[in-house]
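Reading through the structure tokens given below for one structure.
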Amino acid sequence: MEKCHAGSACSSKIVTRFAPSPTGFLHIGGARTALFNWLLARHYGGKFLLRIEDTDRARSTQEAVEAIFNGLKWLGIEWDNEPVFQFSRAQHHVELAKQLVEQGKAYYCYCTPEELEVMREEAKARGESPKYNGMWRDRDPNTAPEGIPPVIRLKAPLDGETVLHDIVQGTVTVANSQLDDMILVRSDGTPTFMLSVVVDDHDMGVTHVVRGDDHLTNTFRQIQIYNAFGWQIPQYGHIPLIHGPDGAKLSKRHGALGVEAYRDMGFLPEAVCNCLLRLGWSHGNDEIISMQQAIEWFTTDNLGKSASRLDFQKMEKLNSHYMKEADNKRLLNILLEFDKNISEEKQKRLLLGMNGLKQRAKTTLELRDMASIYIEDYIPPVASDPAVFEILQDSREVLQALNEWTEEKLDHCLHDLAARKELGFGKIAQPLRSVLSGRKITPGIFEMLFAFGKDESMRRLDIALGQL
RNA sequence: GUCCCCUUCGUCUAGUGGUCUAGGACAUCGCCCUCUCACGGCGACAACAGGGAUUCGAAUUCCCUAGGGGACGCCA
């Protein structure tokens, strides 16, 4: 089979995958990994597969599986085919490991965890990396102790080196003496992650693996497993991890939240994706990149090698951009998620006023807050300042006389009034703003009058003038 | 401890030996626009971790140091 490099034109279809373990929510780092793999597949017209690595039965939960599915869906990352549940393939993994034993490429090891602990301590004491010393590697299985269930270990090469041509990190070499004979099958008969990943990636036809660089050293072990099976190794790209705002490892306190937490903070999925995309990937000086554009541009060529931090201010800026772009109907639906009991009439009002709302709201939370001017039944107090009272009275007069209740006409007649009275327009706008909304900060006055409609606008004016 | 990786403005980054007195974006600070707030426009501030070497020339190549990160599980 011909080798296929992600960075260059590629004739055969590429297959990428996202392989989370369902032990928690889909956090921001995982989301970015999924995004990159998805983008890569879409860019080359290949496939993006999803595999749930649930071989750790104790820690895997159904809730986590749901959270991952929902998180990906929310972000708009759609996978091809049915998700593969790794545990369902465990038997197959073990069978293959046994074949390796038969071929002399793997062996049974009867060490106890206690013995291993001692080994590691000794290696450390000698200044070596802590590893298994291979004591059962060539030992006669007939000398096996009674009653100890063995593990299966890979007979890894003792000398030489393992070389990885990483599409992000470049060529990385590790001396085989650094690596030990890793466990393929546990003493309880279940396969380990190392074995399962290799077998599944191979069986699923995965051609490109983009993952966090915390897997970099695992890769060398996995390459050895590929070699033992005689399979072709996929292209690997190890991307740097995302750090918290303080540069330290991502923790629950800052960024290691589920993607749904970003939704709850008021972010739109496209803003989260755009922000994630720019963490460790770039396309010249482009900042605002739609997913469509990203698919067109994304290759592994522009992936960065250094770790980055999540910048909430930038995400907010991006979000405010996508808020402005968002369809008004969609935004209304988001508001309805916050409050299902908005009357039809007020929904119409919101739709009319949405343009002014969305260009001011950085998040959906802010949108909800600002939108309340159109939802609450505000009753203005009667104007006490004589000057303000007069302005409101004059305003009422010209507004009442207006036949066409459009923003343009409203603009004209109120500016006319200001000119006739020789007042700065703010002298008229501020009292009106206050009467209509009870707030100092709102969308433009004409838009508000328009959204409220003539009847409601006049009603609130009358109340403020003590007429009702 | 051992191995591996990383290091450009506060942050995300552009930059692949000369076009760099290092560009953009976010943040910050001014000014302008203006019915408030935003938006927008203009401008300011601000970085090649340090030291050697190669070269006519280095942010870009090599080495060392420092700092940061990751891995070293019968977790994934």
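This structure is a prediction, so every number in the text was calculated from the model and none was measured.
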- Message: Please pick, from B/U36, B/U11, B/A76, the nucleotide with the shortest atom-to-atom distance to any side-chain atom of A/D311.
- Response: B/U11

- Options B/A14, B/C74, B/C12, nucleotide nearest the side-chain atoms of A/N285: B/A14

- Query: A/M370 has an atom CE; how far is it from atom P of B/C37, in whole Å?
  - Reply: 13 Å

- Does the base of B/A76 carry an N or O that pairs as donor and acceptor with the side chain of A/N218 under 3.5 Å? yes

- Assign each of A/R126 and A/H283 to its nearest nucleotide of RNA chain B by heavy atoms, then name whichever residue's nucleotide is nearer the 5' end. A/R126

- Note on the structure: Side-chain atoms of A/S187 come closest, of B/C35, B/A14, B/C74, to B/C74

- Task: Verify the contact: side-chain N or O of A/T192 to OP1 or OP2 of B/A76, cut-off strictly under 4.0 Å; return yes or no.
- Result: no

- Given B/A27, B/C4, B/A76, which nucleotide is nearest the side-chain atoms of A/V174? B/C4

- Message: Suppose the criterion is salt bridge (Lys or Arg N to Asp or Glu O under 4.0 Å): which pairs have a residue in residues 167-182 of chain A, not counting sequence neighbours?
- Response: A/R137-A/D181, A/D180-A/R221

- Take atom P in B/G10 and the same atom in B/G52, then report the distance between them in whole Å. 24 Å

- Item | Nearest-Å distance once atom P is located in both B/C6 and B/U13 | 15 Å

- Task: Indicate the atoms forming the closest heavy-atom contact of A/T23 with A/A64, along with that distance.
- Result: N-CB, 3.9 Å

- Look at the side chain of A/R186 and decide which nucleotide, out of B/G1, B/C75, B/C26, has an atom nearest to it. B/C75

- Message: For A/F452, does the six-membered ring have the charged nitrogen or CZ of A/R349 within the cation-pi criterion, i.e. under 6.0 angstrom from the centroid and within 45° of the normal?
- Response: no

- Query: How far does the C1' atom of B/G73 sit from the matching atom of B/A59, given to the nearest Å?
  - Reply: 41 Å

- Query: When the distance from NZ of A/K305 to P of B/G70 is rounded to whole Å, what number comes out?
  - Reply: 18 Å

- B/A44: pairing nucleotide in any strand, Watson-Crick or G-U under 3.5 angstrom: B/U28

- Say you pick atom C1' in B/C4 and the same atom in B/A22; how far apart are they, in whole Å? 31 Å

- Rounded to the nearest angstrom, tell me the gap between atom CD1 in A/I288 and atom P in B/C12. 19 Å

- Message: The side chain of A/V172 is closest to which nucleotide in this list: B/C5, B/G70, B/C6?
- Response: B/C5

- Going by distance alone, is a donor N or O of one side chain under 3.5 Å from an acceptor N or O of the other, for A/S372 and A/R439? yes

- Just name whichever nucleotide pairs with B/U21, Watson-Crick or G-U, keeping both distances under 3.5 Å, else none. none

- Nearest to side-chain heavy atoms of A/R59, which nucleotide of B/A14, B/G24, B/A76: B/A76

- Once you round it to whole Å, what is the distance between P of B/C35 and CG of A/L432? 14 Å

- Can you check the A/L184 CG to B/C75 P distance for me, whole Å? 13 Å

- Any residue of residues 411-425 of chain A with a heavy atom less than 4.0 Å from an atom of RNA chain B: A/H415, A/F425

- 5' precedence on RNA chain B between A/S320 and A/T173 (nearest-nucleotide basis): A/T173

- Do you know which of A/W297, A/F36, A/F298 makes ring pair (Phe, Tyr, Trp, His ring centres under 6.0 Å) with A/W281? A/F298

- Message: Measure CD/A/E316 against P/B/U11 and give the value in whole Å, please.
- Response: 19 Å

- Could you let me know what B/A66 is paired to, Watson-Crick or G-U wobble, both distances under 3.5 Å, or none if it's on its own? B/U7

- Message: Does the structure show a Watson-Crick or G-U wobble partner for B/C74, both distances under 3.5 Å? Name it, or say none.
- Response: none

- Message: Does A/R153 qualify as a cation-pi partner of A/Y132, given the criterion of NZ or CZ under 6.0 Å from the six-membered ring centre and within 45 degrees of its axis?
- Response: yes

- Item | Selected nucleotide, minimal atom distance to A/E287 side chain, candidates B/A25, B/C74, B/C35 | B/A25

- Query: Without hydrogens or angle criteria, can the side chains of A/T363 and A/R368 be said to hold a donor-acceptor pair below 3.5 Å?
  - Reply: no

- Item | Stacking check A/H215 vs B/A76 (5.5 Å / 30 deg) | yes

- Query: Should A/T442 be listed as having a side-chain N or O under 4.0 Å from OP1 or OP2 of B/U36?
  - Reply: no

- Item | Distance between P atoms of B/A25 and B/C3 (Å, rounded) | 44 Å

- Determine the Euclidean distance between corresponding C1' atoms of B/C48 and B/C9; express it in Å to zero decimal places. 10 Å

- Base-pairing mate for B/C35 - Watson-Crick or G-U, with both contacts under 3.5 Å: none

- In terms of heavy-atom contacts, A/V206 and A/V209 come closest through CG1-CG2, 3.7 Å

- Span that lies between the P atom of B/C56 and that of B/G41, in whole angstrom: 47 Å

- Query: Think A/R120 has a side-chain N or O under 4.0 angstrom from the OP1 or OP2 of B/C74?
  - Reply: yes

- Query: Expressed in whole Å, how much space separates the C1' atoms belonging to B/C35 and B/G23?
  - Reply: 38 Å

- Please report the C-alpha distance between A/N176 and A/F220 in whole Å, then the side-chain angles of each, then the deciding distance to 0.1 Å, and finally whether the side chain to side chain contact (heavy atoms under 4.5 Å, CB included) criterion is met. CA-CA 9 Å; A/N176 288 335; A/F220 294 96; over 6 Å; no

- Task: Report the nucleotide, chosen from B/C5, B/A14, B/C26, that has the shortest atom-to-atom distance to any side-chain atom of A/Q169.
- Result: B/C5

- Using a cut-off of less than 4.0 Å, is there contact between a side-chain N or O of A/S308 and OP1 or OP2 of B/U13? yes

- Task: Give, for atom CG of A/L332 and atom CE of A/M354, the distance between the pair rounded to the nearest 0.5 Å.
- Result: 5.0 Å

- Nearest to the side chain of A/P130, which nucleotide is it out of B/A76, B/G1, B/U36? B/G1

